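Because the structure is predicted, anything quoted here is derived from the model rather than measured.
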Amino acid sequence: MVLDNLGSSLRGTMDKLRGKSRLDEEDVQEIVKEIQRSLLQADVEVDLVMDLSSNIEERALNEEPPGGTSARDHILKIVYEEMVEVVGDSTEIPLEPQTIMLAGLQGSGKTTTAAKMAWWFSTKGLRPAVIQTDTFRPGAYEQAKQMCENAEVQFYGDPDAEDPVQIARDGMEATEDADIRIVDTAGRHALEADLIEEIEEIERAVAPDRNLLVLDAAIGQGAKAQAREFDSAVGVDGVAITKLDGTAKGGGALTAVNETDSSIAFLGTGETVQDIERFEPNGFISRLLG
Ligand code: GDP
């Protein structure tokens, strides 16, 4: 059954439908309101919430449940399908040689995610390397190096160099033996022009196969502008959401994937290199609606 770990509030509303074979307008409205409330609380953007809920409402009122399906299971299926329509399946990450560049604001969790992804690829039998180009944030070099040691993966960085683009170039050369290169980039506190310019230059230097936008689960409404900006600069192929072990639900990711027409690749669920999961829609959607 889809959405089997729904949060208690929506589940309660759904459970009131047990035994019903048809939904009346009042039932549908109550459920749609509940869904709107959950999604807004999870920081999904208002327009997106409205689009989603009107699609759900229309289908729930107009589509007949297939024979033998209860009203409750029917609307759950509609909710799930409409949410999947936006969230999509997990970003395709083939287990083959490739370069992946990470983008995002400072503190979003890029460096941590770079090391986690390298660890994840290493568990798939590949030889990953992390290239650290963040010369902006003090401590980024040491942090990345330490995490890569913990993950037992190759690391390239240069604490004395000042030009991130040159580090990226040198890093590509120095990690020739690796089959997966994960390029960490500098973030800033906001989307300043020099950040965008720098990431465009690094992108040209490393020619990544895919770019992932790293977003803190708590990003909320700020996700839209960020996603748009990075997408127009370098193209966003997928999103990594971090800090899902906290209380934030990660609704900003939904906004970001909708804005960039991409999907979610990885979830970060803690501070150690093993705290990473591939995205899977069912659990994430249940959490958003919880
Ligand atoms: P960057 O500036 O984007 O490179 O961000 P960092 O990788 O340095 O992460 C910023 C902070 O968030 C650090 O203290 C990390 O330990 C923490 N962090 C990153 N990912 C996660 C996560 O999935 N869960 C938790 N609890 N903390 C995380």
Side-chain angles (χ1 to χ4, degrees), residues 4-7 41-44 87 89-91 93 95 100-126 128-132 134 137-155 157 180 182-187 189 210-220 222-223 226-227 236 238-257 262-290:
D4 42 8
N5 355 307
L6 271 186
Q41 219 165 48
D43 269 335
V44 180
V87 182
D89 284 325
S90 196
T91 312
I93 307 276
L95 296 176
I100 302 176
M101 184 174 79
L102 302 186
L105 294 191
Q106 183 168 336
S108 59
K110 282 180 307 304
T111 300
T112 310
T113 303
K116 286 176 174 181
M117 282 172 55
W119 176 81
W120 182 85
F121 278 111
S122 76
T123 66
K124 307 288 175 199
L126 290 151
V130 170
I131 301 172
Q132 168 61 281
D134 186 351
R137 179 164 66 86
Y141 169 85
E142 272 306 323
Q143 180 196 353
K145 185 163 174 271
Q146 184 61 52
M147 286 201 83
C148 288
E149 269 171 39
N150 296 347
E152 297 180 25
V153 296
Q154 193 185 349
F155 169 73
I180 307 283
I182 299 168
V183 182
D184 188 15
T185 62
H189 297 294
R210 41 185 62 73
N211 300 321
L212 300 186
L213 175 64
V214 180
L215 288 178
D216 184 322
I219 177 78
Q226 253 192 72
V236 170
V239 172
I241 320 168
T242 63
K243 311 183 197 180
L244 277 168
D245 49 316
T247 53
K249 299 247 168 99
L254 209 65
T255 314
V257 296
S262 69
S263 48
I264 305 174
F266 289 101
L267 308 178
T269 55
E271 291 186 74
T272 75
V273 288
Q274 286 102 336
D275 295 324
I276 180 165
E277 292 168 18
R278 274 288 265 149
F279 170 73
E280 158 295 295
N282 200 358
F284 186 72
I285 292 172
S286 297
R287 180 186 169 100
L288 281 180
L289 292 170

> Does some side-chain heavy atom of Asn150 sit less than 4.5 Å from a side-chain heavy atom of Thr272?
Replying inline: no
> Any donor-acceptor pair under 3.5 Å linking the side chain of Thr269 with the backbone of Asp245?
Replying inline: no
>> On a heavy-atom basis, which atom in Gly104 and which in Leu213 lie closest, and how many Å separate them?
In response: CA-CD1, 4.1 Å
>> As an exercise, state the distance from NZ of Lys110 to CG of Leu215, rounded to the nearest 0.5 Å.
In response: 10.5 Å
> Out of curiosity, Ile180 CD1 to Lys124 NZ, how far, rounded to the nearest 0.5 Å?
Replying inline: 12.0 Å
> If you take all heavy atoms of Gly109 and Val214, which pair is closest and at what distance?
Replying inline: C-CG1, 3.8 Å
>> Between Lys116 (side chain only) and Met147 (backbone N and O only), is there a donor and an acceptor less than 3.5 Å apart?
In response: no
>> Looking at every non-hydrogen atom in both residues, tell me the closest pair between Val239 and Leu212 and how far apart they are.
In response: N-CD2, 4.4 Å
>> With side chain to side chain contact (heavy atoms under 4.5 Å, CB included) as the criterion, how do Met117 and Ile276 come out once you've worked through the C-alpha distance, each side chain's angles and the decisive distance to 0.1 Å?
In response: CA-CA 7 Å; Met117 282 172 55; Ile276 180 165; 3.7 Å; yes
> Do Thr91 and Arg210 meet the criterion of a side-chain donor-acceptor pair at a distance under 3.5 Å?
Replying inline: no
> So how far is it from Trp120 CH2 to Asp275 CG, rounded to the nearest 0.5 Å?
Replying inline: 15.5 Å
> Do Leu267 and Glu280 have side-chain heavy atoms sitting under 4.5 Å apart?
Replying inline: no
> Counting N and O atoms only, with roles assigned by atom type, does the side chain of Thr111 sit under 3.5 Å from a partner on the main chain of Ala144, one being a donor and the other an acceptor?
Replying inline: no
> Quick one: CG on Asp216 to CG on Leu244, what's the gap to the nearest 0.5 Å?
Replying inline: 9.0 Å
> Roughly how far, to the nearest 0.5 Å, is CD of Gln132 from OG1 of Thr185?
Replying inline: 8.5 Å
> Looking only at atom types and distance, does a side-chain atom of Thr242 sit under 3.5 Å from a main-chain N or O of Gly268, one as donor and one as acceptor?
Replying inline: no
>> Under the criterion side chain to side chain contact (heavy atoms under 4.5 Å, CB included), I'd like the reasoning laid out for Ile219 against Asp43: C-alpha separation, chi angles, the key distance, then a yes or no.
In response: CA-CA 8 Å; Ile219 177 78; Asp43 269 335; over 6 Å; no
>> Less than 4.5 Å apart, side chain to side chain, heavy atoms only: is that true for Arg278 and Phe266?
In response: yes
>> Does any part of the side chain of Val153, heavy atoms only, come nearer than 4.5 Å to the side chain of Phe121, both counted from C-beta?
In response: no
>> Give me the atom names and distance for the closest heavy-atom approach of Ser263 to Ser90.
In response: OG-C, 4.1 Å
> Is any side-chain heavy atom of Glu149 less than 4.5 Å from a side-chain heavy atom of Phe155?
Replying inline: no
> How many angstroms lie between NZ in Lys249 and CD1 in Ile241, if you round to the nearest 0.5 Å?
Replying inline: 13.5 Å
>> Give me the atom names and distance for the closest heavy-atom approach of Asp134 to Gly187.
In response: OD2-N, 4.3 Å
> How far apart are the closest heavy atoms of Ala223 and Thr255, and which atoms are they?
Replying inline: CB-CB, 4.3 Å
